[in-house]
Amino acid sequence: MSENKTLYAAYAEKIDAVLSALEAEGALPPDTNRANVSVEPPRDPSHGDLATNAAMVLAKQAKSNPRALAEKIVEHLDRDPTVTSAEIAGPGFINLRLSPSVWLDEVAAIAATGDDYGKSTAGAGTRVNIEYVSANPTGPMHMGHCRGAVVGDALASLLEHAGHEVIREYYVNDAGGQVDTLARSAHLRYREALGEDIGDIPEGMYPGEYLVPVGKAAADEFGQRFVNEPEHEWLPIFRAYAVERMMDMIKSDLAQLGIKHDVFSSEAALQAAQKPEAAEAWMREHDLVYDGVLEQPKGKMVDDWEPVELPLFRSTKFGDDQDRPIRKSDGKWTYFGADLAYHMQKAENADALIDIWGADHAGTVKRIKAAVAALSEGQGKTIPFDVKLVQMVQLLRGGEPVKMSKRSGNFVTIADMVYEVGKDVVRFTMLTRKPEAQMDFDFAKVVEASKDNPVFYVQYAHARICSILRKAKDAGLAPSSDQLSLLGEDEFTLVKQAAQFPREVEAAARAREPHRIAFYLYDLAAAFHAYWNLGNDDAEKRIIVAQEPDLSAARLFLSQQIGQVIRNGLGILGVEAVEEL
RNA sequence: GCGCCCGUAGCUCAGUCGGAUAGAGCAUCGGAUUCCUAAUCCGGGGGCCACAGGUUCGAAUCCUGUCGGGCGCACCA
């Protein structure tokens, strides 16, 4: 078996070869369109190991009926020594059963590839920039950021496993009005640290306690220097100072979740380097930006609306509802204007871009997609660009919604969450549903039920495998592949499940859906737990059977490989493969 | 009013570029432990896949419409 090719891909090729043979025989017309032919494991394992719909899909082109065509395909497949049976079922499915040697080879393949089992080269040669988290540097990370962070991080490592080179990037929004507010709030805490009674935190400032130590640190560093200075003297200094501390805090929150970015891009730095100016010039050159007046927003009344001429990007040309301003009337960049330049910058160094955003930014997807599309068109190359929207997490505590607001300082932080239930539970919980569906996250329930969390189910399977290997070692038994032929149907069931892993990684990467790996691991763990429990009913089915050292060694070897696959999968998700619970 | 996402068991959710009899956990009921970790396993009950049309050999999946929920709709970020 060639490496980097999944078992399923290998059989897809065999079936493709059969179809070519049928073309040569004249049973199929030349150049048959095979795009819809699939080769995959049937949902119901009792149907066999592999199923193909080839006969059904191609019957029309062959001017034949599906079952007649299926018979011709089956004739060829029967000649393959690794195919023990090929049967026609239902409307024309062809179900294949594979010989034990195929499964035993797969066990050996897992052992041979080890940590690399499941990696693919499908994405080789494509560098993907994935931007995720990008929380504003105005406070600690809270649960609202958590989902996007975990999904983005797992997607990044999933893409790496699929062979892509990956850049993990964080966009630091350190240029907008909210960082001025941060700076003022920090200045207030600074005065407080120097002994001043600041009373209640005024409306419009960030009241969070997390700014207290920032104020203290500033007091230590600056002393009385900025107490009575006018704001314009200290604002830029406090802005940079506070942002840096906020980013330290955020990085430490991310580290608790096991997340580390490769690149932190600063919006302020981008602007200082005049990237938006360059972007605007380029856009104007290509007639993508013009000076125009926005229409009054429909549906929702804006009291102080008045027509102003602004530089507008022609996003309607690319499917947006409205052209979008890149500068404000005071000449400063809008968020979009800077973001546009930022995406140009990212595209310089990557073949494909992915942004992970919260659903509250859904309204801005079209314009940024339009911007990247315009960029692609203008530069005459395609830049694949995907914005993954991660839906809101409704945070509950004992069934009651928890109102989160950075303004009021009332939020559940990631640090709280990790402290309560641990990184693995947080990550796995976020990854056991598809990101585009809303989810409820009940803090109390997750804490209370953390022992029932599926993550432990998977980890337990891994721990059990480690346990049995320890036990075997004490008994003087070592895993061995010498006598794998002693394994039987019970073991094949397990191997078949494990053999899906590479296929699952490729499919999940293609769909950019890391949650599939979590569900796959659950199924694999279930298969192992079931296998283990066979020994409860029948002592001869235990993994270690004292009287049969060769069989035990083979079963240990198999178990070891299942452990390897679980470990590889958990690695993609960033969850520990613990050795005991 | 417009745009995006979602609607699958009592609850939380899976469901492979459309595939065979729609699955799992929790909850519920009944079983398994002198024996490798019972944080496990085996079994029962529980479904108009929101609704209505359409596309085709075949639809939970694709298209159209309706209803329901969420998010968004300023030069904010």
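Throughout, a chain's letter reflects where its sequence line sits, starting with A, and its residues are numbered from 1. Small disclaimer: the values here were computed from a predicted structure and weren't measured.
- With distances taken from any side-chain atom of A:Tyr522 to the nucleotides B:rG25, B:rC42, B:rG15, the minimum falls on B:rG25.
- Remark: the backbone N or O of A:Trp357 is not paired with any side-chain donor or acceptor of A:Asp355 at under 3.5 angstrom.
- B:rU55 sits 15 Å from B:rC63 when the P atoms are compared, rounded to a whole Å.
- Using a 4.0 Å cut-off between charged nitrogen and carboxylate oxygen, A:Glu504 and A:Arg516 do not count as a salt-bridge pair.
- At the heavy-atom level, A:Ser329 lies under 4.0 Å from base atoms of the strands shown.
- Close placement of the A:Phe385 and A:His343 rings is indicated, their centers lying within 6.0 Å of each other.
- The side chain of A:His515 sits closest to B:rA14 out of B:rC75, B:rA14, B:rC6.
- Residue A:His529 has no polar side-chain atom (N or O) positioned under 4.0 Å from OP1 or OP2 of B:rG25.
- The side chain of A:Lys434 places no N or O atom within less than 4.0 Å of a non-bridging phosphate oxygen (OP1 or OP2) of B:rU12.
- The aromatic ring centres of A:Tyr132 and A:Tyr170 sit 6.0 Å or more apart.
- An aromatic stacking contact links A:His361 with the base of B:rA77, defined here by ring centres under 5.5 Å apart and ring planes under 30° from parallel.
- Residue contacts shown for A:Asp44 are absent, as no nucleic acid heavy atom lies under 4.0 Å away.
- Note on A:Ala472: nothing from the nucleic acid sits closer than 4.0 angstrom, heavy atoms only.
- Note on A:Trp532: a side-chain N or O is less than 4.0 Å away from OP1 or OP2 of B:rA38.
- For the OP1/OP2 pair of B:rA77 and a distance below 4.0 Å, the side-chain nitrogens and oxygens of A:Lys328 include at least one atom meeting the criterion.
- Put simply, A:Phe93 rests on the base of B:rA20: the two rings are less than 5.5 Å apart at their centres and nearly parallel, under 30°.
- In this structure, of B:rG19, B:rU16, B:rA74, it is B:rG19 that holds the atom nearest to the side chain of A:Pro91.
- Ring to ring, A:His47 and A:Phe93 are not that close: their centroids are 6.0 angstrom or more apart.
- Taking the side chain of A:Gln438 as heavy atoms from C-beta on, and the options B:rG69, B:rC76, B:rA20, the nearest nucleotide is B:rG69.
- Heavy atoms of A:Pro66 sit nowhere under 4.0 angstrom from any nucleic acid atom.
- Not a single donor-acceptor pair, N or O on each side, falls under 3.5 Å between the base of B:rC36 and the side chain of A:Ser467.
- Nearest to the side-chain atoms of A:Ile543 among the listed nucleotides B:rC36, B:rU12, B:rC71 stands B:rC36.
- Using a 4.0 Å cut-off, no side-chain N or O of A:Arg516 falls inside it from OP1 or OP2 of B:rU16.
- Among the atoms of the strands shown, only primed sugar atoms or phosphate atoms (P, OP1, OP2) are found under 4.0 Å from some heavy atom of A:Phe519.
- Here, B:rC42 and B:rA50 have their P atoms 29 Å apart, quoted to the whole Å.
- When the side-chain nitrogen and oxygen atoms of A:Lys332 are compared with OP1 and OP2 of B:rC75, none of them lie within a distance under 4.0 Å.
- Look at A:Arg43 and you'll find a side-chain N or O under 4.0 angstrom from OP1 or OP2 of B:rG19.
- Using a 4.0 Å cut-off between charged nitrogen and carboxylate oxygen, A:Arg284 and A:Glu280 count as a salt-bridge pair.
- One P atom belongs to B:rA22, the other to B:rC26, and the distance between them is 23 Å to the nearest Å.
- Put simply, the side chain of A:Asn53 and the base of B:rA20 share no donor and acceptor less than 3.5 Å apart.
- Listed candidates were B:rC41, B:rC36, B:rA77. Nearest to the side chain of A:Ile544 is B:rC36.
- Remark: A:Arg464 is not in phosphate contact with B:rA39, judged by side-chain N or O atoms under 4.0 Å from OP1 or OP2.
- Residue contacts for A:Lys366: at a heavy-atom cut-off of 4.0 Å it reaches the sugar-phosphate backbone alone, with no base atom in range.
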